[in-house]
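Let me begin by presenting the structure, written as structure tokens, before commenting on it.
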Amino acid sequence: MTDTPSNGGADALPLALYVHTPWCVSKCPYCDFNSHAADAPPFERYATRLLADLDLELDRPGARRPLSSVFIGGGTPSLFPGPVVRRLLDGVRERTDLLPEIEITLEANPGTRDAARFTDYREAGVNRLSIGVQSLSATHLRALGRIHGPAEARETLRMARAAGFDNINLDMMFALPGQDLAEAQRDLEGLIALEPEHISYYQLTLEPNTRFYARPPRLPDSDLAADMAERGQERLVRAGYRQYEVSAYARDGARCRHNLNYWQFGDYLGIGAGAHGKLSVQGPAQGDRQVYRTAKRRHPVAYLNASLDDLASSARVLDADDLVLEFALNALRLAEGFPRDLFARTTGLPWSRISDIVRGAEQDGMARILADRIEPTALGRRFLDDLIARFATGR
Ligand SMILES: C[S@@+](CC[C@H](N)C(=O)[O-])C[C@H]1O[C@@H](n2cnc3c(N)ncnc32)[C@H](O)[C@@H]1O
Ligand code: SF4
């Protein structure tokens, strides 16, 4: 337990913790996450380092606040043995205060070896799983370079339920190599039949520094991809999932609090190789607020071997232009937009900084100005990059 948090007055904002695990069994050809294929990752050493990293983070200004969520992401966190995850979460509990309703998510890859650890994770305090199903077609899973098949994805979900998880997200991607509309629909139908509480439905994108980028497979053209997105969205809503962000759909009460905190431009600590963090420190005056970003050494070897003084690769205070753009990049992803006062609360900037931009977006049919919040319209959501660009250029 901590002493009374010295939160610099920023206690209105929740604080989240992101924990990055950088290893996978093999590297998928479309993936640009900080993940590396490894046969025998040094789990114990890594957990020890994560806790040392957390100690450093907690010494930063603005960091002593109760945690509202923890997200163990990757890479493939479900490679970690149960006792190591328990030691990690016990270490987090010893060092911080957790809000009673805290959400603790762990990302898992389909596979019965990983799923055999689910009971341990549940007992360690993990209360939400996010499982990367990606597709339920054997052909498309192969094209994605995945090491699991559809049957394993289903079995993994069954094992998650048996271990007591009642808050589960399933990731699926669409616009896959060679996929047609009927196949995308069939995939989604299969996913809905598994009845998860939450679905993340992503369009596959070609990211620089991936094998797919270097040698692109044949992907559906943009019209077909847009059709898949639209039909998928309609189907998910009919199945009782509410879209609350570009790719995120949830049953009532099952929105991901950790990701919501990012989109609401909240604060978070980032520990682990390449992890990013964002913290705000409120000074005595209203506009006197500093928001800064942190990043850790990216390569797992560098992260494990750096001296503690050298673990952070950067810490950068955001200027007003950065703040406006980063706020827009996050908050406009939300279907319901953002409450007007969130802008000043999270950036410390006056509303006048964006009032003309918001009014211009309203005049062009991209956003609605409601009594209590600003909401992107269907047009704004469809051309989200254009809407966000207005906040970058100030017009
Ligand atoms: C951190 S990743 C991986 C989680 C887990 N290791 C897995 O692969 O199942 C989280 C999710 O991002 C999505 N994703 C990864 N790369 C993507 C890409 N190039 N385009 C669209 N979605 C992607 C996948 O759905 C993936 O499950
Ligand atoms: S998609 Fe997931 S399993 Fe594949 S390399 Fe990336 S993090 Fe690892």
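In listed order, ligands and their atoms are each counted from 1. This structure is a prediction, so every number in the text was calculated from the model and none was measured.
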Name the option, out of Glu207, Gln203, His148, Gln134, that contains the heavy atom nearest to atom 24 (C) of ligand 1.
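Residue with the shortest heavy-atom distance to the ligand atom: Gln134.
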
Counting heavy atoms only, name the option from Arg146, Met173, Glu107 that's nearest to atom 9 (O) of ligand 1.
Arg146

Do any of the N/O/S atoms of Cys31, backbone or side chain, fall under 2.8 Å from atom 6 (Fe) of ligand 2?
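Given the 2.8 Å cut-off, Cys31 counts as a ligand of atom 6 (Fe) of ligand 2.
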
Any side-chain donor-acceptor pair under 3.5 Å between Tyr303 and Asp53?
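Note: Tyr303 and Asp53 side chains meet the donor-acceptor criterion.
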
contact_flag Ala37 ligand 2 heavy-atom lt 4.0 Å
no

Does Gly132 come within less than 4.0 Å of ligand 2, judged by its heavy atoms?
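Contact absent.
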
Mind checking whether Leu181 and Arg231 have side chains closer than 4.5 Å, heavy atoms only?
yes

Assert yes or no for the condition that the ring centre distance of Phe343 to Phe338 is strictly below 6.0 Å.
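Ring centroids of Phe343 and Phe338 are no less than 6.0 Å from each other.
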
Between His20 and ligand 1, which part of the residue brings a heavy atom under 4.0 Å of the ligand: side chain, backbone, both or neither?
neither

Of His276, Glu57, Lys278, the one forming a side-chain contact (heavy atoms from CB on, under 4.5 Å) with Thr294 is Glu57

Is the ring pair Phe265/Phe327 parallel, tilted or perpendicular, if the boundaries are 30 and 60 degrees?
perpendicular

Once you measure the plane-to-plane angle for Tyr262 and His258, does it fall in the parallel (<30°), tilted (30-60°) or perpendicular (>60°) bin?
perpendicular

So which protein heavy atom does atom 11 (C) of ligand 1 come closest to, and at what separation?
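The answer is Asp171 OD2, 3.3 Å.
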
Closer than 2.8 Å to atom 8 (Fe) of ligand 2, do we get an N, O or S atom from Cys24, backbone or side chain?
yes

